[in-house]
Structure formats: C-alpha cells, structure tokens
Number of protein chains: 2
Amino acid sequence: MGHTYEFARPALAVDVVVFGLDEEDLQVMLIQRDLPPFDGQWALPGGFVRVEETLDDAARRELVEETGLRDIYLEQLYTFGAVERDPRERVVTVAYYALVNLEGHDVRASTDARNAAWFPLSDLPELAFDHQEILEVAYERLRGKVRYQPIGFELLPDRFTLRQLQHLYEVILDRELDKRNFRKKVLAMEIVRETKDIEKDVAHRAARLYRFDKRTYDRLTRQGFNFEI
Amino acid sequence: MGHTYEFARPALAVDVVVFGLDEEDLQVMLIQRDLPPFDGQWALPGGFVRVEETLDDAARRELVEETGLRDIYLEQLYTFGAVERDPRERVVTVAYYALVNLEGHDVRASTDARNAAWFPLSDLPELAFDHQEILEVAYERLRGKVRYQPIGFELLPDRFTLRQLQHLYEVILDRELDKRNFRKKVLAMEIVRETKDIEKDVAHRAARLYRFDKRTYDRLTRQGFNFEI
DNA sequence: TGACTTAGTGTCTATACGACACTATTATAG
DNA sequence: CTATAATAGTGTCGTATAGACACTAAGTCA
C-alpha cells in the first residue's frame, strides 16, 4: 500500500541546529546515525515531515524523539533544496535553529537519546549530508541576530549574572567586550531586572543574579527599539 | 502512470513576491488565476517544484513562465507549511522575494503574461491562499533588510539620481528622510559613483546620474561595514 | 590575615546623527 | 526675454552615543 501522485515529488524533511552554551563554548547537539546513508556519522537531528503536521511541529517532534529536548526556542532558518544533497533521492529540508540552556535540559536524562551529544562549535566531527553548510548558515544567522535582538537569553538559565550574559555575547560574536561598556548598555536597555539573590558556591565575590525582563522587552520591541550590542 | 511512495508526501511549491518601484509607490506583481481553486482571484506567481530542479531554479522558471521576468534579484524568504493553506491537499511553499526596476522590464511585452499586472502595495486586491500573509512577511523583510544592506538598488534603473534613491528609501521605510543627511550618508559610503551625465527631459534643473558601485560594495561587505541608513 | 579572584563602578574624548535654510540651475509660460 | 516655478545641491552646529580606559570592593581560601 502506497501513495501515488501524478508527478514525482521531492521528499520534505526538517533539520534542527540546536545551540547550547556552557562555561566555555558554544555547543551544537548532534546525533549519530544508525542507518545508511552516512551510517555511523554525526548529523543534525531531523526527519521527514508528515502530511498532517506543520513544519514547526515536525521540527519539535523530531527534537523530542531524537534528543529529548522539548519546549525550547525554535526558529525557521532556511530551506535547502540542492538536487543531490541526499544520495538516496531528492530531499528538500527546512532547517531550523534552536537555543537551549545547558543547565535546564539534561540530554542524557532523556529516554531515547543514547546517541545524542553536544559538540563544541570549534571542534565538530565530519557531518552527514550538507549539514556542515546548514550549521554554518545557522551560526551566521545567530551571530547576525543576537546583535540586534536579545534572543541569546534562551541560552542562559532563568537567573544569570551579567558576567554570564557578557560571556554569551563574547562567545557568539567571537570577540571580547569591555565589561563596563557592556553593563552600561545592557542596564540602560532595562531588559534585565535585578533579583535580590546572588550566585552561590563560587570561590570569589559572588555576583548579583539578574532575570530577563520579557515584559519590558516586548514593550520596547513594539516601539521599534534598537537592541544593538 | 504515476509515482508511488511508501508515505504520503506534501506537495512542494514556490511562490514569489516581486517588488517593483515607480515614481509613486512600491508595487507588487500579481497574476490572475484561471483555474480552481480561487479561480479568477489574484495570487503570487509560483508553482510546483520539479524533482530535478533546485528551489531557486523553480522560482526563476515560474517567474519567466508566468510574468516574463528574468534575470532579476531573487532571495529566499520563508517556508510556509500550515496544514490547511491549500484547500486541495497539503502544499508546503517556499516563498521568495524579488526586486526589479520597472523601467528595464516591461511585463506587457512578455509573451505569456496576459494576466500578470502590477498593483501598488497600498491598494491590493484580495489574494488567494495565504498569499496576503506571505506578502506581509516579504514586505517586513524588505523593510528590515534595506536598512542595513543596499539591496534597494535592484529596484532602480542602472543609472539614477540621488533623488530617486532617496525616494526608494522613503517608500520602503515609509517615512521621510532629510535630503542633506541622506546625501551625506550615501556619498560617504562610496557605494554610488557619479557618472558624467545628467538626467534628461525634466522640466527643471536636471540632476546628476549615479551608478551603484558594486565593486566597492563587495569590498566593504567583506570588511563587515555597516550600511545602515 | 594576606593573597587571590571576580564584582562593580565613572569619566572623557571622538565620532555620528539629526535638525535646520539658503543659493544655483534649468525649463517653461507669459 | 524675463519672470516664475521647480528641483538640485550644499554646511554647520548641538547633542547623543560609542569606545577607551583603571581602580576599589567583597568574598574565598590557604
């Protein structure tokens, strides 16, 4: 039993570039394939789109199935349609990128993710298909977007220090920022709000914890405010 | 004789939002459908992707077939995958936007474009499918992009006056700009180069014609220059 | 209690942006 | 041929913003 169409159709897939951040690096979630083609090689999580689900739904479903990650920030990136990008047959893939903070979501704890793992962006294995290219486009987009929209907060835990926030920008933009200027700018925007707590278990003076102020962010966004860092 | 697959597949289409500019308005190219669904209604040019062509190729092919426009600036926009966006069956569409100068490309002169026409963005007919939404996303993108990347030159003839260029920005950004500040900024960027000619057949002092300097633009782009207007 | 580590803070200078108005040139109408 | 109308083309100044720059405060740990 199959499905028959008058004209040949490309298969339609989704792939997701999941970025995470630890103390050191920007990381990417990859899964190890256990089927041909590219058996054993690392690849982006993803899979075929079902006829009764939206593209976003397909991306979220595949993420849960393959990595255990759910309820994370997800945005459509670009659609890749080179004719020979899959050796089996014509497959067009809608690529997404996702941001997740490593503290909140433990991949190893998820059920069916034996072969999912984080890799630092600076030291990636060879990837299947054109996933290297997709990843580069995603990183490019993340860099471009973070400069004028504070999406980076998705990479941090709920409460964070300004040092962590600065580190995030430094890792994504790949350059050092001046501490005083950075704090001036971020605090002037009023999109982070001081909490009454400070960080714990650090071997030096503890820093104040801040929280992302989504309410103010939404208001400023409606006013066309420029969040450039 | 048909094509049979194990799982049901969404159909894959491309649609193109073609922007053009005249002395007054930003315009959009639409075609009048002559088949159900939405028979007789206006829609974006587009059609189904063939298995042996890339997405870009499909978009260009449909543009030529339906509007006669060829060799124009084209960029992928977003992929729309709502489940019920086509009443016949599941169709996912990769949307593109294109920029074209109205002087160089006469639509009426093209062969098979009896039912293609320009409409001012401010006075559009009701559109088929979710094309209204696609168009809004495209306009949003154009506005966002033109502010920090000089793609707008595609909307102008080869040689243009600074007045025309300013008009272009005013129409796209939907606000008035100061003539002196605008000229200062554009000339400082050195992405337009003075020609030795001036415009003709105008009932007042003729303005100098300029040309877009792609070479300098490419060099500045590589240096990460910010083209914000 | 001293040494180490990071938190947290302010000033000054250079540059960029935006507000603002007049003269120059050409075509055309009377 | 002269007046009028229309747009071309040009510079200054005040203000806001960005970036360079260095020290004190607080807490941990040996």
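Numbered from 1 within each chain, the chains take letters A, B, ... in sequence-line order.
Nucleotide C:dG18 holds its C1' atom 12 Å from the CG atom of B:L177, rounded to whole Å. In this structure, the OH atom of B:Y148 is 17 Å from the P atom of C:dC17, given to the nearest Å. The separation between A:L165 atom CG and C:dA7 atom C1' is 15 Å, rounded to whole Å. Protein atom CD of A:E176 is 15 Å distant from nucleotide atom P of D:dG19, rounded to whole Å. Atom pair B:H167:NE2 and D:dA8:C1' shows a separation of 17 Å (rounding to whole Å applied). Distance, B:K185 NZ to C:dA16 C1': 8 Å, rounded to whole Å. Atom CG of B:L209 and atom P of D:dA8 are 11 Å apart (whole Å). The interatomic distance linking A:E199 (CD) with C:dT6 (P) rounds to 11 Å, in whole Å.
When all heavy atoms are compared, the tightest approach of A:Q32 to A:G40 is NE2-O, 2.9 Å.
The residue among A:I229 and B:R208 whose nearest nucleotide of DNA chain D lies closer to the 5′ end is B:R208. Both A:Y210 and B:R175 sit near DNA chain C, but only A:Y210 has its closest nucleotide nearer the 5' end.
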I'd like a table of donor-acceptor pairs (distance under 3.5 Å, sequence neighbours excluded) in which one partner is a side-chain atom from residues 198-206 of chain A, with atom names and distances.
residue	atom	partner	partner atom	Å
A:E199	OE2	A:A207	N	3.0

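Within the structure, ring pair (Phe, Tyr, Trp, His ring centres under 6.0 Å) contacts touching residues 54-74 of chain A (residues at least two apart or in different chains) do not occur.
When B:L69, B:I134, B:L74, B:L44 are each tested for a side-chain contact (heavy atoms from CB on, under 4.5 Å) with B:V16, only one passes: B:L74.
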Inset, instruction - Let me have a per-nucleotide readout for nucleotides 20-30 of chain D, 5' to 3', with B, S or -, counting only protein heavy atoms under 4.0 Å. - result: BBB--BBSS--
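Looking only at atom types and distance, the side chain of A:T54 has a donor-acceptor partner in the side chain of A:D57 under 3.5 Å away.
At the heavy-atom level, B:R183 lies under 4.0 Å from base atoms of the strands shown.
Atom CZ of A:R147 is surrounded by 12 or fewer heavy atoms from other residues, nucleotides or ligands within 6.0 Å.
The closest side-chain heavy-atom distance from A:F19 to A:Y139 is below 4.5 Å.
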